[in-house]
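This is the structure I want to talk about, given as structure tokens.
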Protein chains: 2
Amino acid sequence: MTDENQPQMTRIQQKNRELILEGALGAFSANGFRGATIDQIAEAAGLSKPNVLYYFGSKDEIHKTLLTTLLDLWLAPMLGIDPEGEPLDEVLRYVSTKLQMSRDYPRESRLFAYEVLQGAPHLSEILGGRLRELVDQTVAILARWIDEGRLAPVDPRHLIFSIWALTQHYADFEVQVRAVLGPGHDPYAEAEIYLENLFRRMLEVEAGR
Amino acid sequence: MTDENQPQMTRIQQKNRELILEGALGAFSANGFRGATIDQIAEAAGLSKPNVLYYFGSKDEIHKTLLTTLLDLWLAPMLGIDPEGEPLDEVLRYVSTKLQMSRDYPRESRLFAYEVLQGAPHLSEILGGRLRELVDQTVAILARWIDEGRLAPVDPRHLIFSIWALTQHYADFEVQVRAVLGPGHDPYAEAEIYLENLFRRMLEVEAGR
DNA sequence: CTTGATCCTGACCTTTTGGTCAATATTTCC
DNA sequence: GGAAATATTGACCAAAAGGTCAGGATCAAG
């Protein structure tokens, strides 16, 4: 629909669109769509407001571009699940990767959190479309593993939800996590251990059963 | 600090403040603080904008009142954990109660989600104060149970985080959950089963170990 | 039924903010 | 080096939104 990756783009365009999206990521993830202002984005990008509007026609367009651009990065780890791998290892690796994404890309996590909280006005088609299909693929793999008795029988879709919820929680609610833990804690390091144990115990197929 | 539960309050005051807070809950939980407008709140409450401002001095005050008022409701279930009860039952009951809160009070869940996402500007003292103490109390109970070998050894604080994350996910990300599941699913009914199984398997102390 | 307190509102003010535009600067490319 | 394309901005606009206020309506109490 929207023009994307135009073949022709000057270096200046490339650089400035980059700067704008980077600034917008900070602004939107900190304040939500309504809370962020074009002025904030412009300042973060080191550009003037009209100049920002020169590259993106509207605040909405910046937001939409940002979301669609980052969606691939965000969903990539799920594609990393190897259907031929050892089931438990594959799931645990996915969990670990997602947790690291929360640690390394908390702004992205919050950006999506805001969007979905709001009712996903810019992502609704994607949620029921591409995302759903991607989940369905993964669910098929998980279901097969369960069928083969190599993974404890759990609802695969809710398994995926729980991975998302548990890992993104540490980015989206970081303030709360840190406040409750108090100083002297590394939330992500602790979470890594906790979550590995959680999913291992839930999904392991005990010999004696 | 702020005047609360003044002994004297006319029926009109009582009713209108109620209406305003109810309308504000809808507005704030749907759009976040910045996204909600006093006009929206006024309309939802069936009052004029100046009239809303007559009862609450500012938008900020409405928000703060709402948060502090609802916090008790929101945290109450944690106090329901009985230190003398059967450990696993107590935890599972807490999980189930929290999940029902997400189902029955999704607006409240989203209200807090927005607030924490934003960095909890109106709750920061509470997070590191009352909430933390409340968590510490519960952690003490859980730690004792683990010590007594009646619960599998897990980090109690992260156990609490995981309960929050997993239950509130169904309210905060409801759009996503429904989009991915597609029609013909009852997210909460399925979650109830899934989560009970999850926590049971994680926390159960197997005999043969 | 009167009077003081409470309640309510239309009109208005100010700030913020998304967005426009004409004019100017800069870059590109022949 | 100069024309055409591209990039940039100060000034401005209109709408949205938080908040004020004087005055009128309504209610409670004696």
With each end axis built from five pairs of C1' atoms, what bend angle do you get for the helix from C:dC1-D:dG30 to C:dC30-D:dG1? Round to 10°.
20°
Please tell me which of the listed nucleotides, D:dA17, D:dG19, C:dT17, lies nearest to the side chain of B:Thr37?
D:dA17
Nucleotide D:dG19, atom C1' - distance to CD1 of B:Ile62 in whole Å
12 Å
Answer yes or no: does a side-chain N or O of A:Gln13 lie under 4.0 Å from OP1 or OP2 of D:dA7?
yes
Closest approach to the side chain of B:Pro50, judged atom by atom: which nucleotide of D:dT8, D:dC21, C:dG18 is it?
D:dC21
C:dA23 P sits how many Å from A:Asn51 CG, rounded?
19 Å
Of the candidates D:dA7, C:dC8, C:dG10, the side chain of B:Tyr54 sits closest to C:dC8
Which nucleotide in the list C:dT17, C:dC8, D:dT9 gets nearest to the side chain of A:Ser48?
D:dT9
Answer yes if the ring centres of B:His63 and B:Phe56 are under 6.0 angstrom apart, and no otherwise.
no
What nitrogen or oxygen pairs link the protein and nucleotides 26-30 of chain C at under 3.5 Å?
{"from": "C:dT28", "atom 1": "OP1", "to": "A:Arg11", "atom 2": "NH2", "distance (Å)": "3.2"}

Indicate yes or no for a side-chain donor-acceptor contact from A:Arg93 to the backbone of A:Gly80 under 3.5 Å, with no hydrogens or angles considered.
yes
Go nucleotide by nucleotide along DNA chain D from the 5' end; which of B:Ala36 and A:Lys49 gets its closest nucleotide reached first?
A:Lys49
Please check if atom OH in B:Tyr105 has more than 12 non-hydrogen atoms from other residues, nucleotides or ligands closer than 6.0 Å.
no
Starting at NE2 of A:His63 and ending at C1' of C:dG18, how long is that distance when rounded to a whole Å?
15 Å
Does B:Ala36 offer a backbone N or O that forms a donor-acceptor pair with the side chain of B:Lys59 under 3.5 Å?
yes
Under 3.5 Å, side chain of A:Arg103 to main-chain N/O of A:Pro187, donor-acceptor pair present?
no
Atom pair distance, as rounded to whole Å: CZ in B:Arg34 and C1' in D:dA16:
13 Å
For the side chain of A:Arg178 and the backbone of A:Pro183, is there at least one donor-acceptor N/O pair under 3.5 Å apart?
no
How is B:Phe56 classified with respect to the nucleic acid when contacts are heavy atoms under 4.0 Å: base, sugar-phosphate, or nothing?
nothing
Rounded to the nearest Å, what distance is computed from the NZ atom of residue B:Lys59 to the P atom of nucleotide C:dT14?
21 Å
Other residues, nucleotides and ligands only: do more than 12 of their heavy atoms fall within 6.0 Å of CD on A:Glu125?
yes
Rounded off to whole Å, could you give me the CG-to-P distance for the B:Asn16 and D:dC27 pair?
12 Å
Distance check needed: C:dG19 P versus A:Asp39 CG, whole Å only.
12 Å
What does A:Ala42 touch in the nucleic acid at a heavy-atom separation under 4.0 angstrom: a base, only the sugar-phosphate, or nothing?
nothing
Among the nucleotides C:dG10, D:dG19, C:dC8, whichever has the atom closest to the side chain of B:Tyr55 is C:dC8
Could you grab the distance from atom NZ of A:Lys49 to atom CD of A:Glu43, nearest 0.5 Å is fine?
12.5 Å
Do B:Asn16 and B:Tyr55 meet the criterion of a side-chain donor-acceptor pair at a distance under 3.5 Å?
yes
Which whole-number value in Å describes the distance from B:Glu43 CD to D:dG18 P?
14 Å
For the residue pair A:Ser29 and A:Tyr114, confirm or rule out a side-chain donor-acceptor distance under 3.5 Å.
no
